[in-house]
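So the structure is just underneath, and the comments pick up after that.
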Amino acid sequence: MLNIVLFGPPGAGKGTQSQKLIKEYNLMHLSTGDILREEIEKQTPLGIEAKSYIDRGELVPDQMVVGMIGQALDQYRNVSGFVFDGFPRTTVQANRLDAMLKEKGESINLMMSLEVDHNELVNRLVNRGKESNRTDDQDVSIIRNRINIYNERTKIVIDFYKAQNKYRAVKGMGSIDEVFHGLCDAVEAYK
Ligand code: ADP
């Protein structure tokens, strides 16, 4: 299996690049953000609880997202690998992901982190907010809160994968195709 963590701050382009990666390498996309938005849409108890965190730009509690990913891993067997998008976002989540994969005789192969300047992130999210109905992209103060939380709680996950020699920084500025080439270069170098 090829298991990739696609990492980076909100607005880095993880969703867009995940779509391209899964096509190129025939992988399964697992986005905690997408799963949470589906739960909200369906108004499940999990969705209703998650919405209050998401609308404030806070992280949803670890056990909720860990449970979701655990279910997804059980559901999609016989796939050639996963792209984890928006997960893990804390060191606790990273540890739990390692443990869940280990139970299946698997592991993360590569963690690729998209690097984008702060101002560019805010611009992209404000623009996305104009085109989508994502509540967390509508307000600059919520956007700033998400980027702060990334810097305070999520960025440190890089150290977790660095220690395992799996961390690769990839330029997230430039065109979608340029960024994608950078990601593919990192995957090919790994292979
Ligand atoms: P973005 O990368 O633009 O912030 P996502 O779709 O990945 O968008 O996440 C949207 C929101 O969903 C986050 O701000 C957070 O509230 C919640 N969320 C998604 N993934 C996680 C996670 N792994 N842990 C905690 N909260 C999460």
Side-chain angles (χ1 to χ4, degrees), residues 3-22 29-42 44-73 82-101 108 111-158 160-161 170 172 176 179 183:
N3 293 313
I4 295 173
V5 172
L6 189 55
F7 194 77
K14 300 185 295 289
T16 305
Q17 297 297 337
S18 292
Q19 290 304 329
K20 295 178 76 75
L21 281 172
I22 59 167
H29 184 205
L30 284 185
S31 156
T32 39
D34 286 352
I35 301 173
L36 287 166
R37 281 184 289 276
E38 274 168 35
E39 298 283 330
I40 292 172
E41 188 77 23
K42 288 189 269 177
T44 64
L46 190 148
I48 291 165
E49 197 188 338
K51 186 170 169 26
S52 61
Y53 294 96
I54 293 174
D55 284 353
R56 285 184 274 129
E58 305 284 335
L59 292 182
V60 169
D62 287 331
Q63 78 268 21
M64 283 175 73
V65 285
V66 168
M68 283 166 26
I69 288 289
Q71 273 185 3
L73 290 178
F82 293 98
V83 174
F84 296 93
D85 161 10
F87 182 93
R89 257 177 161 93
T90 63
T91 307
V92 170
Q93 293 178 19
N95 272 304
R96 295 289 298 124
L97 178 61
D98 264 14
M100 289 187 292
L101 288 173
I108 292 296
M111 187 262 219
M112 301 191 287
S113 178
L114 292 171
E115 300 194 311
V116 178
D117 296 345
H118 177 87
N119 289 340
E120 171 74 8
L121 293 176
V122 178
N123 284 340
R124 287 185 189 177
L125 292 169
V126 168
N127 284 330
R128 189 167 77 185
K130 288 179 189 151
E131 288 156 19
S132 81
N133 52 4
R134 272 186 59 167
T135 44
D136 55 345
D137 286 342
Q138 302 298 325
D139 182 314
V140 179
S141 68
I142 296 172
I143 288 173
R144 293 232 160 82
N145 191 31
R146 283 157 59 204
I147 297 173
N148 287 342
I149 289 179
Y150 171 81
N151 287 321
E152 284 164 14
R153 295 190 53 197
T154 302
K155 212 175 173 181
I156 195 167
V157 173
I158 287 176
F160 180 90
Y161 290 104
V170 174
I176 290 175
V179 175
L183 292 170

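One-based numbering, in listed order, for ligands and for the atoms of each. Everything numeric here is computed off the predicted structure, so don't read it as measured data. Each residue takes its place number in the sequence, starting with 1.
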Exercise for the section: Could you list which atoms of ligand 1 come closer than 4.0 Å to a heavy atom of Q93? Expected result: 22 (C), 23 (N), 24 (N), 25 (C)
Practice task
Please indicate whether any nitrogen or oxygen in D34 is less than 3.5 Å from any nitrogen or oxygen in ligand 1.
Solution key: no
Exercise for the section: May I ask you to check whether R128 has an N/O atom sitting below 3.5 Å from an N/O atom of ligand 1? Expected result: yes
Problem - E58: numbered ligand 1 atoms lying under 4.0 Å from its heavy atoms - result: 15 (C), 16 (O)
Handout entry: Polar contact flag for D136 and ligand 1 (N/O pairs, less than 3.5 Å)
Key = no
Fill in the blank from the handout: Near P10 (heavy-atom distance under 4.0 Å), the atoms of ligand 1 are 1 (P), 2 (O), 3 (O), 4 (O)
Handout entry: From R153, R89, K14 - option closest to atom 4 (O) of ligand 1 by heavy atom
Key = R89
Practice task
Give the residue and atom name of whichever protein heavy atom lies nearest to atom 20 (N) of ligand 1, and the separation in Å to one decimal.
Solution key: T32 OG1, 2.8 Å
Exercise for the section: Output the list of atoms in ligand 1 that are nearer than 4.0 Å to some heavy atom of R37, sorted by atom number. Expected result: 6 (O), 10 (C)
Practice task
Could you list the atoms of ligand 1 found under 4.0 angstrom from a heavy atom of L36?
Solution key: 12 (O), 17 (C), 18 (N), 19 (C)
Handout entry: Side-chain ion pair, R124 and D117, N-O less than 4.0 Å
Key = no
Exercise for the section: Give yes if a backbone or side-chain nitrogen or oxygen of V65 is under 3.5 Å from a nitrogen or oxygen of ligand 1, and no if not. Expected result: no
Problem - Ion pair check, E41 and R37, cut-off under 4.0 Å - result: no
Practice task
Could you see which bit of R134 sits under 4.0 Å from ligand 1, with heavy atoms only: side chain, backbone, both or neither?
Solution key: side chain
Exercise for the section: Could you say whether the N/O atoms of G86 and ligand 1 ever approach to under 3.5 Å? Expected result: yes
Exercise for the section: Indicate yes or no: does an N/O atom of R146 lie under 3.5 Å from an N/O atom of ligand 1? Expected result: yes
